[in-house]
Amino acid sequence: MLYLYFITPNLGLLRNYVKYKKFNLSVYLRSYIVYFYFHLMLLMLGFKNIILTTLIIERWFWFIYKTFKSFIKNDYIRKQNKYKIKYNLKYQDNSSVSVKSIVSSILTE
C-alpha cells in the first residue's frame, strides 16, 4: 500500500506542469516530507490504517495552510479587479469591501 504515497505528488506534479509549464521540485518533494512526519507521528501514536490516514491528514494540512496564507495575504481584495472582470461582479465602493463584509454577506445569503 505504500505505492499510494506516490499518487498524489505525481498527480500534483503533472497538474503543475500542465498549468504552469514547468516542474517545481520543492513543491513535489514537500509532500513526501510532510508524509514522512505525519506517518511517523501516527505510527508513534499507534493508529491503524496509517497510510490512508496520512494521505487524508496531508491534504487537510495543505488546505488549511493555504487558506490561512490566502487570508493573511488578503488575496481576495488584492485580486478584486480580476474577479470583477472574470465573474462580472459590481462593488459599491472599494474601500468598504473587507473580509468582514464578505463573510457577513455570505452568511446572510
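In this chain, numbering begins with 1 at the start of the sequence shown. Scope of the values below: all heavy atoms of this structure, side chains included, with no hydrogens, waters or symmetry mates.
If you chain together hydrophobic residues whose side chains sit under 4.5 Å apart, L45 and F61 fall into the same group. Cluster annotation: V18 is not connected to Y20 through the hydrophobic network of ILVMFWY side chains, with a link wherever side-chain heavy atoms come within less than 4.5 Å. Both L29 and Y17 are assigned to one and the same hydrophobic cluster, defined by single-linkage of ILVMFWY side chains at heavy-atom distances under 4.5 Å. The same ILVMFWY cluster, assembled from side-chain heavy atoms under 4.5 Å apart, contains both F23 and I7. In the hydrophobic clustering of this structure, I56 does not group with L4; members are Ile, Leu, Val, Met, Phe, Trp, Tyr whose side-chain heavy atoms approach within less than 4.5 Å, directly or through other members.
Here Y3 contributes atom OH and I51 contributes atom CD1; the two are 9.0 Å apart, rounded to the nearest 0.5 Å. Here the straight-line distance linking atom CG of L14 with atom CG of N10 works out to 9.0 Å at 0.5 Å rounding. Separating the CD1 atom in I72 from the OG1 atom in T67 is a distance of 11.0 Å, to the nearest 0.5 Å.
Remark: N49 engages T53 in a side chain to side chain contact (heavy atoms under 4.5 Å, CB included) (not counting sequence neighbours).
Hydrophobic cluster membership of F68, counting Ile, Leu, Val, Met, Phe, Trp and Tyr whose side-chain heavy atoms lie under 4.5 Å apart directly or via other members: F63, I64.
Scanning both residues, F47 and I50, for their nearest heavy atoms gives O-CG1, 3.3 Å.
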Show me the donor-acceptor pairs within less than 3.5 Å that the side chains of residues 31-43 make with the rest of the protein, sequence neighbours left out.
residue, atom, partner, partner atom, Å
S31, OG, E58, OE2, 3.3
Y32, OH, Y28, OH, 3.2
H39, ND1, Y5, OH, 2.6

